[in-house]
Amino acid sequence: VLLMSSVLHMDVLFNAPFSRSRPDLSVVLVINQTDLLPKDTNKDVLLDNVMKRARKEHIDIRDIILMSARNATDIENLKAYLMKIKTSDIYLLGVQNAGKTTVFRALTGDTDALAMKKAGLTQQPITGTMGHLTVHDMPGLDQKGYLHTFLPYGTYKRLIPDKTIDPRIYTLRPGQSLMLEGLAGVTNTGKDTCTCVFYVKKELGIEKTNAERIKDRLGAASKTHKASCDVHVRQSFPIKDRTKMRLTFADMGFMHVTGPAHISVDACKAMHISLTEALFR
């Protein structure tokens, strides 16, 4: 099994615990879209932290591969790796929009398989061949709260990163907020000034405001922003001293913040929000 994840989805890396019920499976973790990460990302640290996370979750991973399905060298290296494995079947598994079908097309040469940003296009397993291997592109695992579940295709396509991300850095004093289009508000509800580093598409509008105004501004966002929703729910995230955490906003992107801090997020009720340890620096 090639368990595929985009770098945008790393907070849900091990949410499909199939290997616990099928110990006979050999699992290779493929982290796709590494070309989205800043060029100075320390990938050795990323690999080490992902492996630590796998051990913590008691997931037996044969190997971890960092790649971009758009990089011809990465595809050739993946082909060479798979051809050496003593098996007859390769299964591509992962959440929707992880790039499974793009990899399937590259491995098998099947140009008829669909591959685009629109999530959930693979509804039935698609099978192709690569040498002696049979490659199976499985339907994407549904992740509740991703943008395609509550926004029109044209809107979420505009917001999902597709090029190398330049980090956007904001300093928030206590009581200051950041508004992410009409979809979410991030507020420093702690006692200390904190630095928020966002890894999102440059087209995503981010505006600084304050805690007193954030809820009203989000409530009126349908009149001022193309991306908005009707109901926002607040979640609070305490962050320990000197701990670097990743706050994920569905598949739209994420931010890094180092404690001590206390962050509150007012986000669309349907949006997936999570707080996990940061995996790279």
Side-chain angles (χ1 to χ4, degrees), residues 7-13 15 36-38 41 45-46 49 53 56 143-147 150-151 159-161 165-221 225 227-281:
V7 294
L8 301 173
H9 308 158
M10 289 192 292
D11 64 314
V12 294
L13 272 178
N15 281 16
L36 298 183
L37 297 176
T41 299
V45 171
L46 174 59
N49 285 335
R53 175 104 176 264
K56 185 177 181 179
Q143 173 59 49
K144 294 182 179 180
Y146 277 9
L147 298 190
F150 63 93
L151 290 178
L159 298 177
I160 293 178
I165 298 169
D166 292 322
R168 297 161 71 177
I169 303 173
Y170 297 86
T171 299
L172 287 185
R173 296 192 301 271
Q176 287 189 320
S177 304
L178 294 170
M179 185 169 164
L180 283 60
E181 299 247 348
L183 301 175
V186 176
T187 301
N188 180 357
T189 47
K191 298 179 180 180
D192 302 298
T193 297
C194 64
T195 300
C196 302
V197 184
F198 283 85
Y199 297 85
V200 294
K201 198 170 183 179
K202 67 178 181 179
E203 286 80 3
L204 176 72
I206 300 179
E207 307 167 44
K208 185 171 283 191
T209 182
N210 57 61
E212 289 76 22
R213 298 188 61 201
I214 190 66
K215 288 188 177 181
D216 288 341
R217 292 198 61 187
L218 287 171
H225 293 77
S228 64
C229 58
D230 295 329
V231 181
H232 298 84
V233 176
R234 171 162 287 201
Q235 300 181 58
S236 295
F237 301 98
I239 299 169
K240 297 179 180 179
D241 188 18
R242 298 182 182 179
T243 303
K244 187 175 184 178
M245 301 297 289
R246 165 179 165 143
L247 190 58
T248 299
F249 303 90
D251 48 348
M252 183 170 68
F254 54 93
M255 80 174 207
H256 283 168
V257 59
T258 301
H262 194 286
I263 300 294
S264 292
V265 177
D266 295 280
C268 296
K269 184 177 181 180
M271 181 184 285
H272 166 77
I273 304 289
S274 72
L275 184 71
T276 54
E277 288 190 29
L279 293 173
F280 69 88
R281 58 175 182 264

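The structure displayed is predicted, hence computed values, not measured ones.
Looking at Thr189 and Ile263, their side chains never come closer than 4.5 Å, going by heavy atoms from C-beta outward. The closest side-chain heavy-atom distance from Ser264 to Gln235 is not below 4.5 Å. Within the 4.5 Å cutoff, no side-chain heavy atoms of Ile239 are placed close to those of Thr258. For the pair Pro38/Asp166, no side-chain contact is recorded, criterion being any heavy-atom separation below 4.5 Å from C-beta on. Side-chain contact check for Leu247 versus Val257: every heavy-atom pair is 4.5 Å or farther apart. With a 4.5 Å cut-off on side-chain heavy atoms, Lys191 and His262 do not count as touching. Looking only at side-chain heavy atoms (C-beta outward), Leu46 and Met10 come within less than 4.5 Å of each other. Inter-residue side-chain proximity for Tyr199 and Phe249 is flagged as unmet; no heavy-atom pair is nearer than 4.5 Å.
Side-chain rings of Phe198 and His256 stay apart, their centers remaining 6.0 Å or farther from each other.
A pairwise comparison of heavy atoms in Met245 and Thr243 identifies SD-CG2, 3.4 Å as the closest pair. Summarising the geometry of Asp251 relative to Pro161, their closest heavy-atom pair is O-CD, 4.1 Å, with the distance given to 0.1 Å. In terms of heavy atoms, Ala250 sits closest to Gly145 at CB-O, 3.4 Å.
At least one donor-acceptor pair under 3.5 Å links the side chain of Arg168 to the backbone N or O of Lys201. In this structure a side-chain-to-backbone donor-acceptor pair under 3.5 Å is present from Lys208 to Thr171. Under the 3.5 Å distance criterion, the side-chain polar atoms of Asn188 are matched with a main-chain donor or acceptor of Asp192. The backbone N or O of Leu218 lies less than 3.5 Å from no partner atom in the side chain of Asp266, so there is not a single donor-acceptor pair.
Atom NZ of residue Lys215 and atom OG1 of residue Thr209 lie 13.5 Å apart, to the nearest 0.5 angstrom. Taken from CE in Met255 to OG1 in Thr195, the straight-line distance is 10.0 Å, to the nearest 0.5 Å.
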Enumerate, atom names and distances included, each donor-acceptor pair closer than 3.5 Å involving a side-chain atom of residues 172-182, sequence neighbours excluded.
unit_1: Gln176; atom_1: OE1; unit_2: Arg173; atom_2: N; d: 2.8
unit_1: Ser177; atom_1: OG; unit_2: Thr187; atom_2: OG1; d: 2.7
unit_1: Ser177; atom_1: OG; unit_2: Ala211; atom_2: N; d: 3.3
unit_1: Glu181; atom_1: OE1; unit_2: Arg158; atom_2: NH2; d: 3.2
unit_1: Glu181; atom_1: OE2; unit_2: Arg158; atom_2: NH1; d: 3.3
unit_1: Glu181; atom_1: OE2; unit_2: Gly205; atom_2: N; d: 3.1

Validation: residues 272-281 side-chain donor-acceptor distances under 3.5 Å, sequence neighbours left out:
unit_1: His272; atom_1: NE2; unit_2: Asp11; atom_2: OD2; d: 2.7
unit_1: Ser274; atom_1: OG; unit_2: Asp11; atom_2: OD2; d: 2.5

Worksheet item: Going through the distances and angles, do Phe237 and Val265 end up as a side chain to side chain contact (heavy atoms under 4.5 Å, CB included)?
Response: CA-CA 8 Å; Phe237 301 98; Val265 177; 3.8 Å; yes

task: With side chain to side chain contact (heavy atoms under 4.5 Å, CB included) as the test, would you mind laying out the steps for Leu36 and Leu8 before giving the verdict?
output: CA-CA 9 Å; Leu36 298 183; Leu8 301 173; 4.1 Å; yes

Should Met252 and Leu204 be marked as a side chain to side chain contact (heavy atoms under 4.5 Å, CB included) after you check the CA-CA gap, both sets of side-chain angles, and the distance that decides it? CA-CA 9 Å; Met252 183 170 68; Leu204 176 72; 3.8 Å; yes

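In this structure, Arg246 is positioned above the aromatic face of Phe254, its NZ or CZ under 6.0 Å from the six-membered ring centre and within 45° of the axis.
For CZ of Arg213, the number of neighbouring non-hydrogen atoms (other residues, nucleotides, ligands) closer than 6.0 Å is 12 at most. Within 6.0 Å of CG on Asn210 lie more than 12 heavy atoms contributed by other residues, nucleotides or ligands.
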